[in-house]
Amino acid sequence: MKFYSFNEFKKDVKTLAKDIKKFNPQALVAVARGGMSLAHSLAVILNNRSLFCINSIHYDDTNKLDNIKIFNIPDLSGFERVLVIDDIVDSGESLVAINNILKEKYPLIEFKIATIFYKKAAIIKPDFKVKKTKEWIDFFWDIRA
């Protein structure tokens, strides 16, 4: 398990934002819960107030569930370029499911994916990423009671 600190995050968000600016997304969609901190920071850096949220449940703590629950699909009507944001692509299964649902509902929108971390074995690769990992990441925002 690797601990991911706030200082690493600040540096990585700036790196990610620099790459994302070329895409110039009109809207951002945070995958709750993991993508919310990153999405908020990217929205600030990119000066983009069109920040939405979609919910995906594929893990219970560190245990992968048998199915993926996706709900709270935002209204993205009127946008042409949308960035979907999560903290990590682990297996990639939830991002594939989210991507499929969004593309089915909004076939004319160009969707791209941004994450801090990704795993090489994932079934989908993010368009924008900073770090490859094989480990479980303990993010600084995952505060335990």
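What's counted below: heavy atoms across the whole structure, side chains too, no hydrogens, waters or symmetry copies. As the structure is a prediction and not an experimental result, all values here were calculated from the model.
- Ala30 and Gly35 make their closest contact through CB-O, 3.9 Å (heavy atoms, listed as atom of the first residue, atom of the second, distance).
- Using a 4.5 Å heavy-atom cutoff, the side chains of Asp87 and Ile137 are not in contact.
- Between Lys129 and Ile116 there is no side-chain heavy-atom pair separated by less than 4.5 Å.
- With hydrophobic clusters built from ILVMFWY side chains whose heavy atoms lie under 4.5 angstrom apart, Val84 does not share a cluster with Leu46.
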With a cut-off of 3.5 Å and sequence neighbours excluded, list every side-chain donor-acceptor pair involving residues 17-29.
{"from": "Gln26", "atom 1": "OE1", "to": "Glu80", "atom 2": "N", "distance (Å)": "2.4"}
{"from": "Gln26", "atom 1": "OE1", "to": "Arg81", "atom 2": "N", "distance (Å)": "3.0"}

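- The side-chain contact (heavy atoms from CB on, under 4.5 Å) check on Asn99 picks up Lys103, Phe111, Ile113, Ile124, with sequence neighbours excluded.
- Not counting sequence neighbours, the partners of Asn55 by the side-chain hydrogen bond (donor to acceptor under 3.5 Å, both in side chains) test are Asn72.
- Applying the ring-ring contact (aromatic ring centres under 6.0 Å, His included) test to pairs two or more places apart or on separate chains, those with a residue in residues 73-100 are Phe52-Phe79.
- A donor-acceptor pair is defined here as one N or O able to donate and one able to accept, closer than 3.5 Å; no such pair exists between the side chain of Tyr118 and the backbone of Pro126.
- The salt bridge (Lys or Arg N to Asp or Glu O under 4.0 Å) contacts involving residues 107-121 comprise Asp90-Lys119, Glu110-Lys112, where partners must be two or more places apart or lie in separate chains.
- Taking the side-chain hydrogen bond (donor to acceptor under 3.5 Å, both in side chains) definition, one finds that Asn7 meets it with nothing, sequence neighbours left out.
- Applying the side-chain hydrogen bond (donor to acceptor under 3.5 Å, both in side chains) rule to Asp75 yields the partners Ser77; only residues at least two apart in sequence or on another chain are considered.
- Each ring-ring contact (aromatic ring centres under 6.0 Å, His included) pair with one or both residues in residues 28-49, not counting sequence neighbours, would appear here, but there are none.
- Remark: Tyr4 engages Phe117, Phe139 in a ring-ring contact (aromatic ring centres under 6.0 Å, His included) (not counting sequence neighbours).
- Between Leu42 and Ile85 the shortest side-chain heavy-atom distance falls below 4.5 Å.
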- prompt: What do the steps show when you test Asp86 against Leu38 for side chain to side chain contact (heavy atoms under 4.5 Å, CB included), and what is the final call?
  reply: CA-CA 7 Å; Asp86 207 351; Leu38 176 58; over 6 Å; no
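- Residues Pro74 and Tyr106 share a closest heavy-atom pair of O-OH, 2.9 Å.
- Take Phe140 and apply the ring-ring contact (aromatic ring centres under 6.0 Å, His included) test, not counting sequence neighbours, and it matches Phe6, Phe9.
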- request: Could you give me the CA-CA distance, side-chain angles and deciding distance for Ile45 and Leu16, then say whether side chain to side chain contact (heavy atoms under 4.5 Å, CB included) is met?
  value: CA-CA 10 Å; Ile45 289 175; Leu16 205 51; over 6 Å; no
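- Hydrophobic clustering (ILVMFWY, side-chain heavy atoms < 4.5 Å, transitive): Ile88 and Met36 are in distinct clusters.
- Using a 4.5 Å heavy-atom threshold, the side chains of Ile54 and Leu102 count as touching.
- When hydrophobic clusters are built by joining Ile, Leu, Val, Met, Phe, Trp and Tyr residues whose side-chain heavy atoms come closer than 4.5 Å, directly or via intermediates, Val82 is grouped together with Val89.
- Closest heavy-atom contact between Ala43 and Leu51: CB-CD2, 4.0 Å.
- What you find for Ser56 and Ile98 is that their closest heavy atoms are CB-CD1, 3.6 Å.
- Sorted by first and then second residue, the salt bridge (Lys or Arg N to Asp or Glu O under 4.0 Å) pairs with a member in residues 3-13 read Lys2-Glu8, Glu8-Lys131, Asp12-Lys131; sequence neighbours excluded.
- Once rounded to the nearest 0.5 Å, the distance linking CG of Asp127 with CG of Leu83 reads 8.0 Å.
- Taking a 6.0 Å sphere around NZ of Lys125, one finds it holds more than 12 heavy atoms contributed by other residues, nucleotides or ligands.
- Counting only heavy atoms from C-beta outward, the side chains of Thr115 and Phe128 never approach each other to under 4.5 Å.
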